[in-house]
Structures are given as C-alpha cells and as structure tokens.
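Notes for the one structure printed next.
The shown structure was predicted, so the numbers you read here are calculated from the model rather than taken from an experiment. Proteins get letters first, then strands, A, B, ... in listed order; numbering begins at 1 in each.
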2 protein chains.
Amino acid sequence: MAHSHNDHSSHDHVWAADLTRNQGLVLAALAHADTPLSAYQLLDTLRGDGLRAPLQVYRALDKLVERGLAHRLESLNAFVACADEHCRRKGLIAFAICNACGKVDEFADAVIEECLGDWAGVKGFKVERTTMEIRGKCAQCVQAV
Amino acid sequence: MAHSHNDHSSHDHVWAADLTRNQGLVLAALAHADTPLSAYQLLDTLRGDGLRAPLQVYRALDKLVERGLAHRLESLNAFVACADEHCRRKGLIAFAICNACGKVDEFADAVIEECLGDWAGVKGFKVERTTMEIRGKCAQCVQAV
DNA sequence: TTGGTCATGTAATAACATTACAAAAAATCG
DNA sequence: CGATTTTTTGTAATGTTATTACATGACCAA
C-alpha cells in the first residue's frame with residue numbers, strides 16, 4: 001500500500017529504499033508530526049494503514065532507533081524522527097523539550113561529550129549510550145507569557 | 001565509588017524529623033537497596049508495613065523527588081535515594097547506570113552544566129530540569145568478563 | 001527444496017502511572 | 001478550646017506504556 005509521506009520531508013529517498021513497510025509508516029508519521037509521539041499515538045495514527053497492535057509499532061521503533069533514524073525521549077516515553085539531515089549523527093545527542101508547546105530541539109555538544117568521556121575514563125565506566133534531556137520552555141513560549 | 005547508596009545509617013536522623021510515615025518508609029527502602037527500585041517493587045517491599053496501593057508509593061516518591069531526597073531515573077522508570085550526604089545537591093545531576101549489575105553512580109559536573117547554560121542562553125531556552133543518564137558497564141562489571 | 005533468517009500478525013498479559021472520591025490527621029487561627 | 005483549612009492517607013477503578021508467547025509468511029542462500 002502506498003503511504004503518502006512524500007510531501008513533508010526531503011528524507012524520503014534516503015530511507016524509502018531499505019525500510020520495511022511498517023518501519024516506513026512509523027518513520028513517516030514521526031517525520032510528519034511536529035512534536036514527539038508515543039507508541040500508542042503512532043498506532044492510532046496508523047490504524048488506517050493497517051497497523052493493529054502495539055507490537056507492530058514497537059518493533060518498527062526498535063529498528064528505527066537502532067539505526068538512528070528516530071530517537072526515544074525517555075522523559076516522555078515518546079519518539080521523534082532524527083532531526084539530522086543525513087541521519088548519521090554520531091555521539092551524544094541532547095534534546096531540549098518545551099513543556100509548553102511540546103516541540104523538541106535536538107543538538108550535539110562536543111564539550112559535554114568530552115566531559116563525559118573524561119569522567120568515564122577516570123571511573124573505568126564503559127559508556128554504551130547516553131540520555132540527555134532538558135525540560136523547560138522554548139524561547140517562543142517564554143515570550144508568549 | 002564516589003557515593004554509596006548502601007550507607008544510609010548516617011542519614012537516618014536527617015530525614016526522620018519531617019517526613020511523613022509513608023515518605024519515611026519509601027526513602028528507607030530506597031536507601032536500603034543497592035540498585036534502583038521501581039514504584040511497584042517498593043510497593044511489594046512495603047506491603048508488610050501497611051502499604052497497599054501504588055498511589056501511596058507514587059505520592060511519597062513525588063514529595064521525596066521534589067525535595068531532592070530521591071531521584072527518578074527516566075531510562076529505568078525507577079528511583080534511587082539521593083547519594084549526596086547532605087541531600088542538598090544543587091544543579092545538574094548525572095547518573096551512570098550499569099546495565100550489568102544495576103548499580104548507579106551519581107555525580108555532578110560543573111562544566112557540563114555550564115555548557116548547557118550556554119546553549120540555553122543562546123537559544124533563549126528556560127531550563128527547568130535536566131535528565132542525564134549514562135548507560136553502560138561499571139568498571140567492576142567490565143573486568144568481570 | 002530445504003533450512004535459516006527476518007518481518008509480520010494476533011492475543012494476552014505485565015509493568016508503570018493517574019484520576020476520582022472519601023476519610024482521617026495535623027496545622028492554623030479565632 | 002473548637003472551627004476551619006490544609007495536608008496526608010486510603011481505596012477503587014482506570015489509563016497508559018511495553019513485553020511475552022506463539023503462529024505465519026516472505027525471502028534468500030546452500
């Protein structure tokens with residue numbers, strides 16, 4: 001079934017190639033949204049496309065996150081499409097999440113990553129992945145008061 | 001280990017004073033554990049002390065976290081007692097969580113905090129709270145292979 | 001074509017968290 | 001003290017997030 005995500009992202013050709021149907025549907029839904037979506041919100045969104053069970057969504061999300069095409073926001077139990085154009089971001093990624101409008105700003109900071117590396121080196125801790133989420137108000141919402 | 005969660009003996013008088021019964025029970029259970037506990041694990045632990053419903057635990061946890069006596073680990077949906085002796089840690093707190101043994105090391109890093117402040121300043125983002133969790137293997141578990 | 005691997009479908013259940021309502025305990029204040 | 005207000009507690013029901021178990025289909029390679 002042709003799902004129509006062609007209109008909202010220049011990413012399409014990047015992933016259209018080797019994503020499975022369900023993965024494509026989920027990533028398209030995430031890319032289309034302007035705030036993070038929970039697995040169940042994704043499921044509701046995609047019922048019209050034939051998805052019926054949570055597991056179908058979770059499985060797709062697992063793969064997408066594994067490949068760095070989507071990210072999980074632990075403090076929200078929700079997911080976003082990767083904001084990086086090439087979906088090849090390496091290293092630590094941080095998220096600034098606006099509590100008012102829900103929008104998320106994804107960024108990387110080499111200095112923070114270095115601090116973390118230093119700490120891990122000293123402690124002998126082997127880092128596998130890092131979650132960094134800032135909650136607060138974005139500039140727009142701060143002003144909107 | 002910089003801060004040990006097991007050594008709660010010296011904490012007892014600190015909080016005994018103005019915690020409610022349920023708050024005291026929950027904090028004691030957390031301080032006693034050497035890994036994070038979920039709300040339902042706490043509930044099971046404390047059934048013998050009269051707790052019967054999840055809400056009793058969640059309410060206590062809310063207050064404890066609010067006061068900085070406990071922390072929520074978002075990536076685990078679990079809680080730990082604050083490792084700081086004076087339970088008055090200010091600013092950004094990071095957690096290194098061992099995926100093998102489950103132990104958590106709590107630390108603060110001024111440089112990271114500064115980076116974050118800089119980023120927020122530039123972006124006009126008003127930070128309310130920050131979650132930083134490193135998942136990996138602690139020195140002990142790395143060696144134990 | 002057989003066997004392996006990967007994606008899928010479906011149902012059931014587990015794990016985590018909140019809402020709504022009522023009653024008891026404690027603090028405040030006339 | 002007694003009346004009022006706030007805080008804490010208890011209980012039930014429900015909502016939300018995530019996984020386990022098992023069966024099927026699709027694909028590719030030996």
So, using ring-ring contact (aromatic ring centres under 6.0 Å, His included) as the criterion, who are the partners of Y58(A) when residues are at least two apart? none
Mind checking what makes side chain to side chain donor-acceptor pair (under 3.5 Å) contact with E133(A), not counting sequence neighbours? S75(A)
Please list, pair by pair, any protein nitrogen or oxygen found under 3.5 Å from a nitrogen or oxygen in nucleotides 23-28 of chain D.
none

Does anything in residues 53-62 of chain B form a salt bridge (Lys or Arg N to Asp or Glu O under 4.0 Å)? List the pairs, not counting sequence neighbours. none
Rounded to whole Å, CG of L19(A) lies from C1' of dT8(C) at a distance of 16 Å
List the residues meeting salt bridge (charged side-chain N to carboxylate O under 4.0 Å, His left out) with K123(B), not counting sequence neighbours, and say none if there are none. D105(A)
Using a cutoff of under 3.5 Å, can you pull out all pairs of nitrogen or oxygen atoms linking the protein to nucleotides 15-19 of chain C, with atom names and distances?
{"unit_1": "dA17(C)", "atom_1": "OP1", "unit_2": "R72(B)", "atom_2": "NH1", "d": "3.1"}
{"unit_1": "dA17(C)", "atom_1": "OP1", "unit_2": "R72(B)", "atom_2": "NH2", "d": "2.1"}
{"unit_1": "dA17(C)", "atom_1": "OP2", "unit_2": "Y58(B)", "atom_2": "OH", "d": "3.1"}
{"unit_1": "dA17(C)", "atom_1": "O5'", "unit_2": "Y58(B)", "atom_2": "OH", "d": "3.4"}
{"unit_1": "dA17(C)", "atom_1": "N7", "unit_2": "Y40(B)", "atom_2": "OH", "d": "2.7"}
{"unit_1": "dA17(C)", "atom_1": "N6", "unit_2": "Y40(B)", "atom_2": "OH", "d": "3.3"}

Please identify each residue that fulfils salt bridge (charged side-chain N to carboxylate O under 4.0 Å, His left out) with E128(A), with sequence neighbours left out. K137(B)
Roughly what angle, to 10°, lies between the helix axis at the start of the helix from dT1(C)-dA30(D) to dG30(C)-dC1(D) and the one at its end, five pairs per end? 30°
Please go through I97(A)'s hydrophobic cluster and name the other residues, only I, L, V, M, F, W, Y counting, with side-chain heavy atoms under 4.5 Å joining them. L73(A), L76(A), V80(A), I93(A), F95(A), V104(A)
Atom pairs and distances, donor-acceptor, side-chain atoms in residues 33-40 of chain A, under 3.5 Å, two or more places apart:
{"unit_1": "S38(A)", "atom_1": "OG", "unit_2": "Y40(A)", "atom_2": "N", "d": "3.4"}
{"unit_1": "S38(A)", "atom_1": "OG", "unit_2": "Q41(A)", "atom_2": "N", "d": "3.0"}

Provide the closest heavy-atom pair for W119(A) versus A96(B) in the form atom of the first, atom of the second, distance. CH2-CB, 3.3 Å
Who are the salt bridge (charged side-chain N to carboxylate O under 4.0 Å, His left out) partners of E74(A), not counting sequence neighbours? R72(A), R129(A)
If you only use heavy atoms from C-beta on, which nucleotide in dT9(D), dT8(C), dG9(C) is closest to the side chain of R21(B)? dT9(D)
Could you give all pairs that pass the salt bridge (Lys or Arg N to Asp or Glu O under 4.0 Å) test and reach residues 37-58 of chain B, with sequence neighbours left out? D44(B)-R47(B)
